[in-house]
Amino acid sequence: MTGFNNNLTLGTALLILFQLCSIVSCTTSTSITRNHTIRDGDSLISEGEVFELGFFSPKDSTSRYVGIWYKNIEPRAIVWVANREKPLSDHNGALKIADDGNLVLVDGENNTVWSTNVPPKLNNTVAVLLETGDLVLSSDSDRDSRYWESFNNPTDTFLPGMRVRVDPSSGENRAFTSWRSEYDPSPGRYSLGIDPMGAPEIMIWEGEARKWRSGPWDSVIFTGIPDMFRVTNYIYGFKLSSPPERDGSVYFTYVPSNISDLLRFKIRFDGVVEQFRWNKDSRNWTLLQLKPSTECEKYNRCGNYSVCDERKEFDSGKCSCIDGFEPVNQNQWDDGDFSSGCRRRVPLNCSQTLREDEFMEHRGIKLPGFGSVVPLSNSETCKDVCVRDCSCNAYSFVRGIGCMIWTRDLMDMEHFEHGGQSINIRLAESELGGKENSKLWIIILIVIGAFLLVLCIWILWKFKKRVKAILWRKKDFPFSEMEEKNDYSVKSSSSTIQVLVGDLVDTPDLPLFSFNSVASATGDFAEENKLGQGGFGTVFKGNFSGGREIAVKRLSGKSKQGLEEFKNEILLIAKLQHRNLVRLVGCCIENNEKMLLYEYMPNKSLDRFLFDESKRESLNWKKRWEIIGGIARGLLYLHRDSRLKIIHRDLKASNILLDTEMNPKISDFGMARIFNYRQDQANTIRVVGTYGYMAPEYAMEGMFSEKSDVYSFGVLILEIVTGSKNVNFRGSEHGSLIGYAWNLWSQGKTKELIDPTVTEIRDINEAIKCIHVGMLCTQDSVIYRPNMGSVLLMLESRMSHLPRPRQPTFHSFLNSGEIVEGQDVATVNDITLTTVVGR
Ligand SMILES: *[C@@H]1O[C@H](CO)[C@@H](O)[C@H](O)[C@H]1NC(C)=O
Ligand SMILES: *[C@@H]1O[C@H](CO)[C@@H](O)[C@H](O)[C@H]1NC(C)=O
Ligand SMILES: *[C@@H]1O[C@H](CO)[C@@H](O)[C@H](O)[C@H]1NC(C)=O
Ligand SMILES: *[C@@H]1O[C@H](CO)[C@@H](O)[C@H](O)[C@H]1NC(C)=O
Ligand SMILES: *[C@@H]1O[C@H](CO)[C@@H](O)[C@H](O)[C@H]1NC(C)=O
Ligand SMILES: *[C@@H]1O[C@H](CO)[C@@H](O)[C@H](O)[C@H]1NC(C)=O
Ligand SMILES: *[C@@H]1O[C@H](CO)[C@@H](O)[C@H](O)[C@H]1NC(C)=O
């Protein structure tokens, strides 16, 4: 009730204010024309009433400035100032269109104080404040002819939609300049912009000196801000325009994940960059981040050839020389003055015949400044390039950038707890000599270890029968080890696994086959019975007596990797029964052999039909429609209807098998994860899956949920309808099939996407619906993606109105077309890094 009253009084107040305004003639308008001038007290309002342009005085000052700020937001956040160097001293200023067509600010004596200064060829100009906060001077008859924009002449604030030019030929672009002090808009000492050299990066300068750098852009994040992964709002935001625009330049832009969010970056008068988001509920600006925010983020805090580590105490060595280097001035260093940095203990002796170990690898590093990007020819590696060049101090191969080398001193390095790059730093041979000893030790340890292992195996073998009996009895089945070791956060659901293990042991459904029987069925794993090579093993066709055909997945014995996936698959699939999931008929565990036996699918996998010109035609629309429906039902069963909630994590065309009637069956549960019903999302440091099918939040942040399967399913739908692969897609200027689909869809040309073999009108309508659903499933943001329940509903019902999909922005990773199936977790100095290993 009181809320209503408040609203009422507020409304009345506004009304009174409005009427007051009209009496005192403080007018608001939407454009400045020859006939319409903005005087002090008037204001210009953007379409949508988000921004406002007018005259203002900073706190404690009587000077008048023309600026742009957010309408109705207090305290006022000024995003742009016109006459920052020449304030007006009284309230008689006016903003108008001059005779030459320029937008000018004049004082009471008609003297021009500020002007847009466009060469005088303008006709009939008009100035408009756009929705984005951009003040644009254009021709009245042709609003697209932009003679001048405030976005191209910014002050201290970077707004969404602004473009910052990245042009190596014109050098550093100091686009934004701070205020002189908190209440003085005149240009201050600090600037913010882009260093386009090498891989572009964001930079803060104080005068000419660098104060902070973001680390090179790897087409997804700035590598020196590894926690860009964590700030979800941030991740989709930045984008480097490509290909170069009409004027041959490339630009950085920023688009918030939620267009209606008000976001701004500002270089503060004291040289700190702040990112704010307007919080509508608490009605204040939330500070999202601040750079530089830590001691180590300050530019080259530790001097050359030295690494800063935020986790260490300052006096006891936040800064440390990298291996093979020593402080230039030990006394200063000991006193905590690191400015002189470090130098080589042993000078390099560069020759063409360098040995393997002349580089030392450092991981989790913010890459040093002044690197250059070198294109690699086919046969050479990044290391070769560096070896060839005697001035090369270090090299690093960065995903999304390529080969980087450093020929100057290495500076501004930081050691991150999570993320960061690995860099290989050149050292004199003798520096690595010390390694020889430790190498010897390693060899001795390996020999001892191997001996012990052999002993163990011998003992196990000796008591084979007994061990086997123990293994099969209860929990000691080697799953317990997997639970401890696994990174996936289903600790809460471990009770589920226990139950399942118990069940599995009792279950008569999963027969154990002997190695000999499987071997004879597959003709001793003969080459001609080989069906394919999976991620963790080879698949053979087996013929048991009685004519029963079976597919046997034989895990490669060496692969430690495979063992985990093997257990996982048994655990999951043994309990699942659905006509759209491939059925496990048994397994074989004997000696070092681990095998899974499935029902045999004579038509093999979907990709063989879909991506093969000659076979594609045999998949008519009716069949494709059924396949889409079948996969959707299988997936829904995994997510919802089975006893457990299961995320498949590697859904792709080659994992959809087809039986004799071409019914689809989802296979390969090696990477699937069990979820608690209450659990919606998990995080993994092991990102495994296949690029092109991986949802952005999973590929980038390792976050997976049933929505990441929905994403893969969406990709699959688009592939089935179009008959082309998402990665290495033919219309590659659109980045990917997803981007291409969106472009066509938004132009109302969805039909062009459909495989030309589909001709019936009814079929085309169904196909269009499938594309629409596919686009809904492949939206960047998890929140907007439907779950499998709604997907099935959309597909099966005659719903005519589906939600509008959002434009995808996540392309960059898809282009690589790489398959990621293995993983590698390396631990260095207690830092766990995940590297994704391509196959
Ligand atoms: C400006 O005013 C004159 C006369 O009042 C009118 O003829 C002309 O069309 C106006 N121009 C614009 C751009 O509104
Ligand atoms: C300024 O110029 C306008 C039109 O050009 C004119 O009407 C006005 O009288 C001038 N004011 C002064 C103080 O010269
Ligand atoms: C300016 O306007 C005049 C008449 O209004 C027109 O004749 C002339 O072509 C225009 N000039 C330009 C450069 O558009
Ligand atoms: C985007 O912002 C609008 C307005 O605040 C809000 O209603 C909507 O829920 C937001 N969407 C998301 C996905 O956060
Ligand atoms: C914003 O508002 C919230 C809730 O009213 C408050 O807790 C927070 O301190 C405010 N933040 C600022 C920067 O004023
Ligand atoms: C650090 O390296 C840079 C780049 O090579 C060099 O210009 C600078 O003089 C070095 N600083 C010191 C203290 O040696
Ligand atoms: C450099 O290497 C050459 C050949 O290995 C050797 O003869 C020479 O003494 C080395 N020089 C230094 C400074 O180590």
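Atoms within each ligand, like the ligands themselves, are counted from 1 in listed order. For the numbers below, each heavy atom of this structure counts, side chains included, while hydrogens, waters and symmetry mates do not. One is the number of the first residue; the rest follow in order along the sequence.
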Which of these, N300, N304, V328, has its nearest heavy atom closest to atom 8 (C) of ligand 6? N304
M411: numbered ligand 6 atoms lying under 4.0 Å from its heavy atoms: 1 (C), 2 (O), 3 (C), 4 (C)
Please confirm whether the backbone N or O of S293 pairs with a side-chain atom of K298, one donor and one acceptor, at under 3.5 Å? no
Do R264 and W285 form a cation-pi contact, if we require the NZ or CZ to be under 6.0 Å from the six-membered ring centre and within 45 degrees of the ring's axis? yes
Which residue holds the protein heavy atom closest to atom 5 (O) of ligand 6, what is that atom called, and what is the gap in Å? D409 OD2, 3.0 Å
Pair F359 + Y395: ring centers closer than 6.0 Å: yes
Please confirm whether R408 comes within less than 3.5 Å of ligand 6 when only nitrogen or oxygen atoms on both sides are compared. no
Go through the side-chain N and O atoms of S186 and E85 and say whether any donor and acceptor fall under 3.5 Å apart. no
